[in-house]
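Heads up, the thing below is written out as structure tokens.
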Amino acid sequence: MSVLSVLDPAVTVAHAVVSAIAHVLPTALAIVLFVLAVRLCLHPLARAAARGEKARSKLAPKVAELNKKHRNSPEKAREALAELYRKEQVSPFAGCLPMLVQIPFFSVMYRLFTTPNDLLDHTLFGVPLGLHVGNAHGAGQFAVFGLLYAGLAAVGYVNYRRARRAAAAAQTTPQPGAALLPYLSFASVLFAVLVPAAAGLYLLTTSVWSASERAWLYRGTNQAPAAALAL
């Protein structure tokens with residue numbers, strides 16, 4: 001039994017909502033609209049995360065200065081940092097909790113679009129929503145998967161460039177492994193190859209939303225969120 005089976009009651013509700021929309025619109029479009037509706041409901045959490053990230057970013061120079069000042073005394077460094085965060089009324093984990101709260105929602109959608117159900121019997125331009133690319137046949141089906149992957153790669157490239165700019169603005173000295181982090185923007189493309197077309201459509205929809213949302217919330221800055229959920 002999957003660990004995610006504890007989410008089955010929520011998955012049942014989500015399935016009912018998508019099915020209701022699919023009675024009026026094509027199922028693929030119903031999935032897109034459902035994902036957009038969920039992301040819209042979660043937008044206040046994203047705004048809270050952005051506020052937390054910006055607050056921590058403003059304190060970053062002072063944090064670096066204190067760490068340098070007390071580099072030989074970890075205990076004093078911890079005390080000084082705690083006092084700084086208390087004085088500025090900023091949590092060192094600001095921005096993290098709202099992102100973590102979103103994980104159950106994304107897990108529900110992931111399970112809905114990867115667990116066999118009647119929604120996956122419908123098609124996207126002739127491709128069954130429950131079909132994996134490994135089982136595709138014919139130029140038409142491969143073309144649909146190719147478009148999904150190309151869309152994810154395009155969004156990944158946008159995120160990659162933003163992550164590179166943010167890293168260049170935030171770091172004066174390279175950190176071990178930091179150069180590889182921007183390439184994680186393309187992880188959704190690799191993940192999409194492992195899941196059915198419905199989950200790929202979900203990934204593309206939520207990735208486009210995430211990229212647009214980040215561009216809006218962090219407009220005018222080179223800052224990027226520490227973690228971006230596009231599950």
Side-chain angles (χ1 to χ4, degrees), residues 1-8 10-40 42 102-163 180 182-214 228-231:
M1 184 176 70
S2 170
V3 174
L4 294 180
S5 61
V6 297
L7 300 173
D8 282 351
V11 172
T12 299
V13 174
H15 177 274
V17 173
V18 177
S19 295
I21 301 174
H23 281 305
V24 181
L25 300 171
T27 302
L29 181 57
I31 289 174
V32 170
L33 292 177
F34 174 71
V35 174
L36 292 178
V38 171
R39 293 306 307 263
L40 182 61
L42 295 178
Q102 296 182 50
I103 292 178
F105 293 93
F106 294 123
S107 298
V108 168
M109 287 190 282
Y110 167 78
R111 186 161 176 81
L112 174 62
F113 300 137
T114 57
T115 303
N117 61 74
D118 60 304
L119 293 175
L120 303 185
D121 295 331
H122 296 268
T123 62
L124 170 65
F125 299 120
V127 175
L129 291 171
L131 184 70
H132 288 72
V133 66
N135 297 323
H137 56 83
Q141 291 191 348
F142 282 110
V144 172
F145 279 106
L147 288 173
L148 284 176
Y149 302 153
L152 285 168
V155 176
Y157 180 69
V158 171
N159 292 334
Y160 166 81
R161 292 194 61 182
R162 183 173 180 83
L180 298 178
Y183 291 96
L184 293 178
S185 301
F186 297 102
S188 60
V189 183
L190 300 177
F191 186 69
V193 176
L194 305 176
V195 294
L201 181 62
Y202 155 66
L203 283 171
L204 178 58
T205 305
T206 196
S207 295
V208 170
W209 177 282
S210 293
S212 302
E213 187 176 60
R214 288 197 296 272
L229 283 174
L231 305 175

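When reading the values below, keep in mind they use all heavy atoms of this one structure, side chains included, and skip hydrogens, waters and symmetry mates.
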Q) Using a distance-only test with no angle check, is there a side-chain donor-acceptor pair under 3.5 angstrom linking R39 and S210? A) yes
**Q.** Nearest heavy-atom neighbours spanning P104 and L7
**A.** O-CD1, 4.4 Å
**Q.** Flag if over 12 foreign heavy atoms under 6.0 Å of CZ, F145
**A.** yes
Q: Return the minimal non-hydrogen interatomic distance between I31 and A198, and the atom names on each side.
A: CD1-CB, 4.2 Å
Q) With side chains defined as the heavy atoms from C-beta onward, is the minimum distance between F106 and T206 less than 4.5 Å? A) yes
Q | Aromatic plane relationship, F34 with F113 - under 30° parallel, 30 to 60° tilted, over 60° perpendicular | A | perpendicular
Q.
If I take atom CG from residue L112 and atom CG from residue L119, how far apart are they, to the nearest 0.5 angstrom?
A. 6.0 Å
Q.
Could you measure the distance from the CG atom of D8 to the NE2 atom of H15? Nearest 0.5 Å is fine.
A. 12.0 Å
Q: Of all the heavy-atom pairs spanning L129 and A28, show the shortest one and how long it is.
A: CD1-N, 4.3 Å
Q) So how far is it from L33 CG to L40 CG, rounded to the nearest 0.5 Å? A) 12.0 Å
Q: Would you give the length of the straight line joining atom CG of L131 to atom OG1 of T123, rounded to the nearest 0.5 angstrom?
A: 11.0 Å
**Q.** A136 versus Q141, closest heavy-atom pair with distance
**A.** CA-OE1, 3.4 Å
Q) Say you draw a straight line from CG of L147 to CG of L152; how long is it, rounded to the nearest 0.5 Å? A) 11.0 Å
Q: Look only at the side chain of E213 and the backbone of W209, and say whether a donor-acceptor pair between them is shorter than 3.5 Å.
A: no
Q) Do D121 and P128 have side chains that get closer than 4.5 Å, going by heavy atoms? A) no
Q.
How long is the straight-line distance from CG of L120 back to OG1 of T115, given to the nearest 0.5 Å?
A. 8.5 Å
**Q.** CZ/F142: more than 12 non-hydrogen atoms of other groups inside 6.0 Å
**A.** yes
(Q) How close do G156 and S185 get, counting heavy atoms only, and between which atoms? (A) O-CB, 3.3 Å
Q: Could you tell me which non-hydrogen atom of A211 sits nearest to which non-hydrogen atom of V155, and how far apart they are?
A: CB-CG1, 3.9 Å
